Asks: 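The structure under discussion is supplied below as structure tokens; questions concerning it will follow.
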Amino acid sequence: MAPPPKSVIILGGGTAGWMTANLLQHRWGKSGTRVTLIESPDIGIIGVGEGSTPQLKVFFDDLGISEAEWMPRCNATFKAGIEFVGWSDRPGYERYFHPFPTDLDPFTQRSFFYATRARRTGRDVPAHPDPFYIATCIAREGRAPIAPPNFPFFVSYGYHFDAHLIGAFLRDFGTARGIEHVEARIASIDVGSDGDVAALVSDDGRRFEADFFVDASGFRAAIIEGALNEPHRSFAENLFNDRAVVTPTESLAGAQACTRSTAMSAGWAWQIPLTNRTGNGYVYSSRYIDDDAAAAELRAHLRLPEDAPVRRLAMKCGRIARSWVRNCLAVGLAQGFVEPLEATALHVVLATVKGFLEGWEKDDRDGFNRAIAARYEGIRDYLVCHYRTALRKDTDYWRDAGAMTALSESLKRIITAWFTGADLEREVLEQGIAGIYPPQSWHCMLAGYGNFPESAVLKPPGPDVTPIDMAEIERFVAGCAMNFPFHAEALKRLSEAR
Ligand SMILES: Cc1cc2nc3c(=O)[nH]c(=O)nc-3n(C[C@H](O)[C@H](O)[C@H](O)COP(=O)(O)OP(=O)(O)OC[C@H]3O[C@@H](n4cnc5c(N)ncnc54)[C@H](O)[C@@H]3O)c2cc1C
């Protein structure tokens, strides 16, 4: 097993930089590795990125940080999944919920998968995903996905949080445990004759040397692209969105434990509930709408005055060819970015650091780089599938997205399996991509948008179709959900426990 490096410098104090610094300190600090994080307050952080997947809970658990400790400090709320609103024109499919998994899903999911296949092959059976999932019911009823102590099933969940506050929390936590924090603007990077990064040099002439470097410098990708010239692979061919316009509104935190994603004329708008405010943003394609029109559309969507201030952001969608190059690992926006529809960026940061540490121990840089590239492509495919199968057709943006032909072989096989009535679960498992998005996620999306034959051509289920007792399923799901606290109550208990 390779010994840890003696010193690591992380360039960048955004969420990605501080998460990585804490993980490296946690793993290598006890072996004597000196971990330093350098950031420039003048440049600042991107300051968006306020929704997570369940992986963030694993991160805090691994560091031994309780929810009562971090959530109130970051104005955080619980997240049971994502609700997609207005993405499909099909009657009955105007909204659907992408739930995070629970150990209760196997009780109802088999029926859901069966129903979708029967409907795909022309039988008139109910196959909308929502009634089958407990996480969906929890969020719709305004509850939190926090299983009571005596509840014997695991329920996974993510969070919403303030991007600035989570960075500050992780900075305080990490510096108290030995991470050195330096404020400096890096002006140049020295690459040695062997091709390794030798030092970062600040604009006031300070020189920072280390054995290993982490590039967490955001879209600038100052080390990995700027100094090591690693190529960037764009996803623009099939992910159209390249801009965002952002504005907060007042809090609705007690009301919902989910992110809401509402389709707009040239993209979609997120709504993220924090305890003190609601985060909103419109992610759009500059090919289909200009910045002012996008800002006006977001204000109208939020019922804000025409002059309400908004923040504008450019997004670079794609990934660096290799994330670990020589003595440098890229994480966060420096490493890659797929648009935030499924809030996966911090999830990838965690997978990257975990995979890197394993790769370091096994001295397997190539295996790590292949796995991370496959993860990006897998997430990209899932997002592309949203646009390709959403069934909204009212603008050029949605018509072009629905007609998109630039699909990976993997995604073509998924879509073919669905529309030919084949076993989609088997397809996902055989492709080995269930660790990126499980069969549940693919079924929920494709069924949630109503990708079935037109109602007029569906036939009543014959004796060859096993009847599904929807009343029984709904009773079961609602009965389980009743055990969960209301979201506002769960948040109150958390701040009282602090
Ligand atoms: C519109 C939008 C919505 C998003 N929504 C989500 C979401 O819901 N969920 C999610 O997981 N992710 C989301 N993301 C992604 C998320 O914002 C980022 O992954 C996350 O904030 C981490 O960013 P970062 O740390 O890589 O970069 P940044 O926050 O940009 O930090 C870069 C750091 O590098 C420093 N730096 C750069 N150059 C230098 C230099 N020369 N010298 C010194 N310091 C330097 C900066 O000062 C800063 O500290 C979203 C992104 C966008 C654009």
Side-chain angles (χ1 to χ4, degrees), residues 81 83-99 104-137 140 263 381-382 384-394 398-399 401-405 407 410-431 434 437-478:
E83 183 170 49
F84 292 85
V85 180
W87 283 63
S88 174
D89 292 339
R90 282 272 167 107
Y93 296 91
E94 294 84 359
R95 58 176 64 213
Y96 89 91
F97 196 88
H98 181 188
L104 287 148
D105 299 339
F107 292 101
T108 51
Q109 184 158 273
R110 196 71 13 239
S111 299
F112 170 52
F113 288 4
Y114 181 79
T116 63
R117 201 164 177 194
R119 197 169 178 98
R120 283 189 275 144
T121 51
R123 301 312 181 95
D124 191 3
V125 296
H128 193 290
D130 287 2
F132 293 91
Y133 287 98
I134 181 165
T136 307
C137 186
R140 289 268 163 84
D381 283 353
Y382 190 73
V384 171
C385 194
H386 270 291
Y387 293 100
R388 183 68 172 74
T389 64
L391 297 180
R392 184 175 171 137
K393 301 282 172 237
D394 61 334
W398 289 103
R399 283 187 288 274
M404 192 188 330
T405 52
L407 308 177
S410 162
L411 182 53
K412 279 185 198 157
R413 280 173 53 190
I414 295 279
I415 291 176
T416 303
W418 179 265
F419 285 103
T420 57
D423 184 339
L424 182 66
E425 181 177 22
R426 180 184 294 174
E427 178 63 38
V428 173
L429 296 177
E430 280 179 2
Q431 283 197 35
Y437 280 100
Q440 167 182 330
S441 296
W442 291 101
H443 279 83
C444 284
M445 182 204 300
L446 286 153
Y449 291 140
N451 284 285
F452 299 114
E454 297 284 350
S455 301
V457 305
L458 291 173
K459 295 191 183 68
D464 57 323
V465 175
T466 311
I468 298 171
D469 186 343
M470 286 309 295
E472 174 59 28
I473 286 175
E474 284 172 29
R475 250 195 318 275
F476 172 76
V477 167

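Predicted, not measured: the structure shown is a model, and the values here were computed from it.
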Asks: Would you please indicate if the ring centroids of His443 and Phe132 are separated by under 6.0 Å?
Replies: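 Not under 6.0 Å, so no.
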Asks: Taking only residues two or more places apart in sequence, or in another chain, which ones meet Phe476 in a ring-ring contact (aromatic ring centres under 6.0 Å, His included)?
Replies: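 Here the qualifying residues are Phe107.
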Asks: Kindly compute the distance separating CG (Leu104) from CD (Gln109), expressed to the nearest 0.5 Å.
Replies: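 Answer for the CG-CD pair, Leu104 versus Gln109, is 11.5 Å.
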Asks: Is the shortest heavy-atom distance from the side chain of Phe112 to the side chain of Pro129 under 4.5 Å?
Replies: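 The answer is yes; the side chains approach within 4.5 Å.
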Asks: I'd like to know whether CZ of Arg399 has more than 12 heavy-atom contacts from other residues, nucleotides or ligands below 6.0 angstrom.
Replies: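 More than 12 heavy atoms, drawn from other residues, nucleotides or ligands, come within 6.0 Å of this atom.
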Asks: Give a yes or no on whether the backbone of Ser410 and the side-chain of Asp381 come within a donor-acceptor separation of less than 3.5 Å.
Replies: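 No; zero donor-acceptor contacts below 3.5 Å.
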Asks: Keeping the roles fixed (side chain from Asp124, backbone from Leu458), state whether a donor-acceptor pair exists under 3.5 Å.
Replies: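 No, because the side chain of Asp124 does not come within donor-acceptor range (under 3.5 Å) of the backbone of Leu458.
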Asks: Using salt bridge (Lys or Arg N to Asp or Glu O under 4.0 Å) as the criterion, list what pairs up with Asp464, not counting sequence neighbours.
Replies: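 If we apply the salt bridge (Lys or Arg N to Asp or Glu O under 4.0 Å) test to Asp464, skipping adjacent residues, the hits are Arg123.
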Asks: Taking all non-hydrogen atoms of both residues into account, name the closest pair between Gly448 and His128 and its distance.
Replies: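 Shortest heavy-atom contact: O-NE2, 4.1 Å.
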Asks: If you compare all heavy atoms of Leu407 against all heavy atoms of Leu411, which two are closest, and at what distance to 0.1 Å?
Replies: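 Minimum heavy-atom contact is CD2-CD2, 3.9 Å.
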Asks: Please lay out, stage by stage, how Trp87 and Tyr93 fare under the test ring-ring contact (aromatic ring centres under 6.0 Å, His included).
Replies: CA-CA 9 Å; Trp87 283 63; Tyr93 296 91; over 10 Å; no
Asks: Can you list the residues that meet the salt bridge (Lys or Arg N to Asp or Glu O under 4.0 Å) rule with Arg120, with sequence neighbours excluded?
Replies: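 Listed in chain order: nothing, the list is empty.
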Asks: Using a strict threshold of under 4.0 Å (side-chain N to carboxylate O), is an ion pair present between Glu425 and Arg110?
Replies: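 Yes, Arg110 and Glu425 are salt-bridged.
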Asks: If I compare all heavy atoms of Pro126 with all of Met470, which pair ends up nearest, and what's the gap?
Replies: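 The pair with the smallest heavy-atom distance is CG-CG, 3.7 Å.
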Asks: I need the full list of salt bridge (charged side-chain N to carboxylate O under 4.0 Å, His left out) pairs touching residues 442-461, with sequence neighbours left out, sorted by first then second residue.
Replies: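 The answer is Arg90-Glu454.
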Asks: Can you tell me how the ring of His98 sits relative to the ring of Tyr382, calling it parallel under 30°, perpendicular over 60° and tilted otherwise?
Replies: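 His98 vs Tyr382 ring planes: tilted.
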Asks: Mind checking ring-ring contact (aromatic ring centres under 6.0 Å, His included) for Tyr96 and listing every partner two or more places apart, or none if nothing turns up?
Replies: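 Residues passing ring-ring contact (aromatic ring centres under 6.0 Å, His included) with Tyr96: Phe84, Tyr449.
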Asks: Hey, is the main chain of Lys393 close enough, under 3.5 Å, to the side chain of Asp89 for a donor-acceptor pair?
Replies: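 Answer holds: yes.
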Asks: I'd like to know if the side chain of Asn451 and the backbone of Phe419 have a donor-acceptor N/O pair within less than 3.5 Å.
Replies: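 Checked: no pair found.
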Asks: Gly86 and Ala263: which non-hydrogen atoms are nearest, and at how many Å?
Replies: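 The pair with the smallest heavy-atom distance is O-CB, 3.2 Å.
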Asks: For residues Ser441 and Val428, determine if any side-chain heavy atom of one lies less than 4.5 Å from a side-chain heavy atom of the other.
Replies: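 Result no, sub-4.5 Å side-chain heavy-atom pair not found.
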Asks: Measure across Ser111 and Ile468 and return the closest heavy-atom pair with its distance rounded to 0.1 Å.
Replies: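 Result for this residue pair: O-CD1, 3.4 Å.
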Asks: The criterion is salt bridge (Lys or Arg N to Asp or Glu O under 4.0 Å); which residues satisfy it with Asp394, sequence neighbours excluded?
Replies: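 Residues passing salt bridge (Lys or Arg N to Asp or Glu O under 4.0 Å) with Asp394: Arg392.
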Asks: So, the side chain of Trp418 versus the backbone of Leu424: is there a donor-acceptor pair under 3.5 Å, distance only?
Replies: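 Here the side-chain-to-backbone pair does not exist.
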Asks: Ignoring hydrogens, what is the shortest heavy-atom contact between Gly421 and Thr121? Give both atom names and the distance.
Replies: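 Answer, listing the atom of Gly421 first, then Thr121: CA-CG2, 3.9 Å.
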Asks: Would you confirm whether Gln440, through its side chain, and Pro99, through its main-chain N or O, come within 3.5 Å as a donor-acceptor pair?
Replies: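 At least one qualifying donor-acceptor pair exists.
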Asks: How about Thr116 and Leu446: do any of their side-chain heavy atoms sit closer than 4.5 Å?
Replies: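 Heavy-atom side-chain distance check fails, nothing below 4.5 Å.
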Asks: Set out, in order, the CA-CA distance, both residues' side-chain angles and the distance that settles side chain to side chain contact (heavy atoms under 4.5 Å, CB included) for Tyr133 and Val477, then state yes or no.
Replies: CA-CA 7 Å; Tyr133 287 98; Val477 167; over 6 Å; no
Asks: Is there a donor-acceptor contact under 3.5 Å from the side chain of Tyr114 to the main chain of Thr466?
Replies: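 Yes, because the side chain of Tyr114 sits within donor-acceptor range (under 3.5 Å) of the backbone of Thr466.
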Asks: What's the spacing between Phe97 CZ and Arg140 CZ if we round to 0.5 Å?
Replies: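 CZ of Arg140 is found 7.0 Å from CZ of Phe97.
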